[in-house]
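One structure is given here, and the rest of the page talks about it.
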Amino acid sequence: MLDIKFIRQNPEPVRESCRRKRIDVDIDQVLAVDVACRESKTAFDNLKAEQNRRSKELGKVAASERGAALEGLKQLSEDVKAAEGKMAAADADLRRLLLLVPNVLDPAVPSGRDDSENVELKRVGVPREFAFKPRDHVDLGLGLDILDIERATRIAGSRTYFLRNEGVLLEMAVLRFAIERMMDKGFTPMTVPHMVRSEAMEGTAYLPGGEEQAYRTQQDDLWLIGTSEVPVTAYRMGEILDLAELPLKMTGISPCYRREAGTYGKDTRGLYRIHQFQKVEQVVICRNDEAESRQWHEAILNNAEELLQALELPYRVVDVCDGDLGRPQVRKFDIETWMPSRNGYGETHSASRFHDYQARRLELRYRDEAGKVRYCHTLNNTVVASPRILIPLLENHQQEDGSVVIPEALRTYMGGRERLVPRSRPA
RNA sequence: GGAGAGAUGGCAGAGUGGUCGAAUGCGCCGGUUUGCUAAAUCGGUGUACCCUAUAAAUUGGGUACCGAGGGUUCGAAUCCCUCUCUCUCCGCCA
């Protein structure tokens with residue numbers, strides 16, 4: 001959410017960000033409702049002040065003189081109620097609109113229609129030249145007997161899977177490796193509620209707007225998280241933090257649930273796009289300082305890059321263009337990891353910077369040196385998400401015989417195993 | 001799931017219809033005193049919004065907020081209803 005005062009003073013940059021993000025919000029309407037809000041607030045304040053004053057006096061008036069004074073006050077009371085109703089309605093209107101106004105783009109964000117026009121910033125590592133015909137992760141997974149999609153579909157519908165045998169170890173190894181690396185970097189690991197209230201979804205800007213993408217529980221009106229970003233960023237919501245606590249560096253691990261509505265027919269094979277996965281996420285909550293916020297954006301991007309390097313996977317970093325950017329982000333860098341089966345890079349990480357957009361919705365604040373209360377800045381990035389990361393892991397490290405070499409970094413978490421070997425499946 | 005108790009400022013805790021944004025204590029900030037520290041003592045110490053003045057930190061006025069929402073009343077921290085959360089007991093349970 002943007003500060004209404006900012007919109008009032010800078011309507012044009014806000015309009016421009018709406019246009020570039022292709023989000024249809026009428027800023028003139030926002031400004032009109034803002035005026036209505038303030039007018040109704042002033043009207044209410046004045047009426048209420050009069051009522052307070054006269055009511056106070058009434059308490060001191062002798063009982064015999066009350067009758068006449070009461071008559072006028074009854075009418076005033078009606079007027080106050082009417083004015084209050086009007087003000088509340090205007091406030092609600094404004095809030096509803098403000099939740100839809102997108103964040104203002106960083107000037108550096110490139111222009112483009114969709115993800116095909118994201119701008120590549122760098123490539124690290126060289127995709128392997130195979131001397132044989134490489135298999136995709138599904139064939140590899142079946143051969144190794146670490147994966148079963150067909151039966152999962154029968155039981156749980158499309159975009160579901162079972163991991164089996166060393167597949168389970170491999171997923172847990174990747175997650176465990178990721179958490180330990182983040183702890184080494186001073187991030188506090190957290191397990192989190194997987195179902196959260198609307199406030200947390202709204203506060204992190206998944207609602208309103210993301211209703212179609214999230215699972216909602218029927219009886220308790222809770223939402224299944226699509227990422228631990230939601231509970232972790234919301235962890236201190238409503239609090240005024242001590243400056244000394246900042247920056248808050250946290251790393252959440254959780255299952256992530258996504259409906260993937262509107263993606264029918266897209267990425268249907270394998271483990272790329274599924275309804276449920278595991279993710280280790282990094283979240284930074286820092287002071288309201290543009291330069292510091294940018295530094296953390298670089299830092300969390302770098303954290304993810306280091307992890308991919310440790311997994312010996314080639315990747316590239318892209319600067320996400322305006323048309324592909326979500327409502328809350330100021331800027332976003334995606335990391336795409338080389339996936340031989342796609343003969344291209346596929347998104348595995350997404351590093352977002354939000355300015356105070358989420359913090360304002362979450363009432364996440366701190367007291368600065370001068371004692372002034374200010375909204376924090378928030379950022380997040382994937383550390384690793386599985387099973388998507390298993391795609392490049394299996395495909396890049398496969399051997400001609402269908403075995404897969406486990407990167408050095410993961411071996412201690414795999415009971416010392418150095419490779420996964422095909423086996424015939426039990427009947 | 002059933003029965004009961006509770007939710008007040010950074011914390012503890014008073015307040016059961018008007019003089020309450022809220023006693024008191026602790027904490028915190030500033031002053032005074034004292035070789036230093038401590039103690040003592042005096043003063044200050046919430047958030048948001050609106051109006052006003054100002055180049056600005058900010059000043060002056062107003063309104064709201066005592067878990068959340070609604071109601072009664074001229075007037076609600078205080079009375080009523082609904083909800084949320086916490087605690088105790090019973091039930092169920094990994």
Side-chain angles (χ1 to χ4, degrees), chain A residues 1-9 30-99 191 193-203 207 216-223 231 234-246 248 255 287-289 356-376:
Chain A
M1 191 158 65
L2 294 175
D3 188 353
I4 182 61
K5 287 178 192 160
F6 176 84
I7 301 176
R8 212 183 283 154
Q9 286 155 18
V30 172
L31 293 173
V33 172
D34 172 43
V35 169
C37 253
R38 281 181 290 152
E39 281 173 357
S40 60
K41 160 88 171 150
T42 302
F44 167 76
D45 280 359
N46 291 339
L47 281 170
K48 188 69 182 177
E50 189 187 347
Q51 186 191 38
N52 284 347
R53 184 174 51 75
R54 286 168 64 180
S55 284
K56 232 172 230 180
E57 284 165 4
L58 187 66
K60 297 172 192 158
V61 160
S64 57
E65 292 169 35
R66 277 195 186 185
L70 266 178
E71 271 317 300
L73 274 178
K74 273 187 181 153
Q75 181 54 50
L76 183 58
S77 178
E78 292 301 311
D79 295 346
V80 166
K81 264 177 200 154
E84 188 172 20
K86 215 168 154 188
M87 178 180 71
D91 278 349
D93 277 355
L94 185 62
R95 163 99 187 163
R96 190 173 45 74
L97 284 168
L98 281 180
L99 286 176
T191 66
H194 304 162
M195 296 179 290
V196 300
R197 293 191 170 162
S198 298
E199 293 86 83
M201 294 292 283
E202 191 173 294
L207 294 179
R216 183 181 198 170
T217 65
Q218 196 165 30
Q219 290 181 288
D220 301 293
D221 201 19
L222 295 169
W223 298 82
Y235 183 54
R236 303 293 296 271
M237 70 186 266
E239 296 188 36
I240 298 177
L241 306 172
D242 279 343
L243 187 56
E245 287 188 89
L246 298 179
L248 251 41
R287 63 172 76 194
N288 196 311
D289 182 289
D356 61 11
Y357 193 87
Q358 291 182 319
R360 193 176 295 277
R361 291 171 169 236
L362 289 166
E363 286 294 306
L364 182 57
R365 297 175 293 177
Y366 69 98
R367 208 176 291 280
D368 70 10
E369 293 90 339
K372 200 165 151 41
V373 176
R374 314 191 63 187
Y375 286 103
C376 302

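The sequence lines fix the lettering, A, B, ..., with proteins before strands; numbering per chain opens at 1. On a predicted model such as this, the values are computed, not experimentally measured, just so you know.
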What pair of heavy atoms forms the shortest contact from [X] to [Y], and how long is it?
X       : Y       : value
R374(A) : D368(A) : CD-OD2, 3.2 Å
Y366(A) : L246(A) : CG-CD1, 3.5 Å
L207(A) : R361(A) : O-NH1, 3.2 Å

In whole angstrom, give me the gap between the [atom1] atoms of [N] and [M].
N      : M      : atom1 : value
G13(B) : G69(B) : P     : 25 Å
U45(B) : G67(B) : P     : 23 Å
G2(B)  : G10(B) : C1'   : 38 Å
G21(B) : C65(B) : C1'   : 9 Å

Sort out the partner of [N] for me: Watson-Crick or G-U wobble, both distances under 3.5 Å, none otherwise.
N      : result
U37(B) : none
A55(B) : none
A14(B) : none
U84(B) : A7(B)
C89(B) : G2(B)
U45(B) : G27(B)

What residues, two or more places apart in sequence or in another chain, satisfy side chain to side chain contact (heavy atoms under 4.5 Å, CB included) together with [X]?
X       : result
A90(A)  : C37(A), S40(A)
A83(A)  : F44(A), L47(A)
E245(A) : R236(A), L241(A), D242(A), L248(A)

Rounded to the nearest Å, what distance is computed from the [atom1] atom of residue [X] to the [atom2] atom of nucleotide [N]?
X       : N      : atom1 : atom2 : result
E369(A) : C29(B) : CD    : C1'   : 16 Å
D221(A) : C85(B) : CG    : P     : 12 Å
Q75(A)  : G75(B) : CD    : C1'   : 17 Å
E239(A) : C11(B) : CD    : C1'   : 14 Å
L76(A)  : U73(B) : CG    : P     : 15 Å
Y375(A) : A48(B) : OH    : P     : 7 Å
D91(A)  : A48(B) : CG    : P     : 16 Å

- [ ] Spell out, as yes or no, whether a donor-acceptor pair under 3.5 Å connects the side chain of T42(A) to the backbone of R38(A).
- [x] yes

Task: Side-chain donor/acceptor of Y375(A) to backbone N/O of L362(A), under 3.5 Å - done: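 Not a single qualifying donor-acceptor pair exists.
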
Can you name the salt bridge (charged side-chain N to carboxylate O under 4.0 Å, His left out) partners of [X], sequence neighbours left out?
X       : answer
K48(A)  : none
R365(A) : E363(A)
E369(A) : R287(A)

What pairs of nitrogen or oxygen atoms, one from the protein and one from nucleotides 77-80 of chain B, lie under 3.5 Å apart?
none

Output the single nucleotide from [options] whose closest atom is nearest the side chain of [X].
X       : options                : value
K74(A)  : C74(B), U47(B), C50(B) : C74(B)
K5(A)   : G18(B), C49(B), C85(B) : C49(B)
R197(A) : C85(B), C74(B), U19(B) : C85(B)
K81(A)  : U47(B), C74(B), U72(B) : U72(B)
V373(A) : C51(B), U47(B), G75(B) : U47(B)
K56(A)  : C50(B), C74(B), U19(B) : U19(B)

Pairs under 3.5 Å (N/O, protein and nucleotides 54-57 of chain B):
none

TODO: Determine which pairs satisfy salt bridge (charged side-chain N to carboxylate O under 4.0 Å, His left out) with at least one residue from residues 72-84 of chain A, sequence neighbours left out, and list them in order.
DONE: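 Checked against salt bridge (charged side-chain N to carboxylate O under 4.0 Å, His left out) - neighbours excluded - no pair reaches residues 72-84 of chain A.
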
Open item on the list: Does anything in residues 85-98 of chain A form a salt bridge (charged side-chain N to carboxylate O under 4.0 Å, His left out)? List the pairs, not counting sequence neighbours.
Closed with: D93(A)-R96(A), R95(A)-E202(A)

Any N/O pairs under 3.5 Å between the protein and nucleotides 62-64 of chain B? List them or say none.
unit_1 : atom_1 : unit_2 : atom_2 : d
G62(B) : N2     : D45(A) : OD2    : 3.2
U63(B) : OP1    : N52(A) : ND2    : 3.2
U63(B) : O2'    : D45(A) : OD1    : 3.0
U63(B) : O2     : K41(A) : NZ     : 3.3

Task: Distance below 4.0 Å between R367(A) side-chain N/O and U47(B) OP1 or OP2 - done: yes

Open item on the list: I'd like to check the side chain to side chain donor-acceptor pair (under 3.5 Å) partners of R216(A); sequence neighbours left out, ordered by chain and number.
Closed with: D221(A)

- [ ] Between T42(A) and S77(A), name the one whose nearest nucleotide on RNA chain B is closer to the 5' end.
- [x]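 It is T42(A), whose closest nucleotide lies nearer the 5' terminus.
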
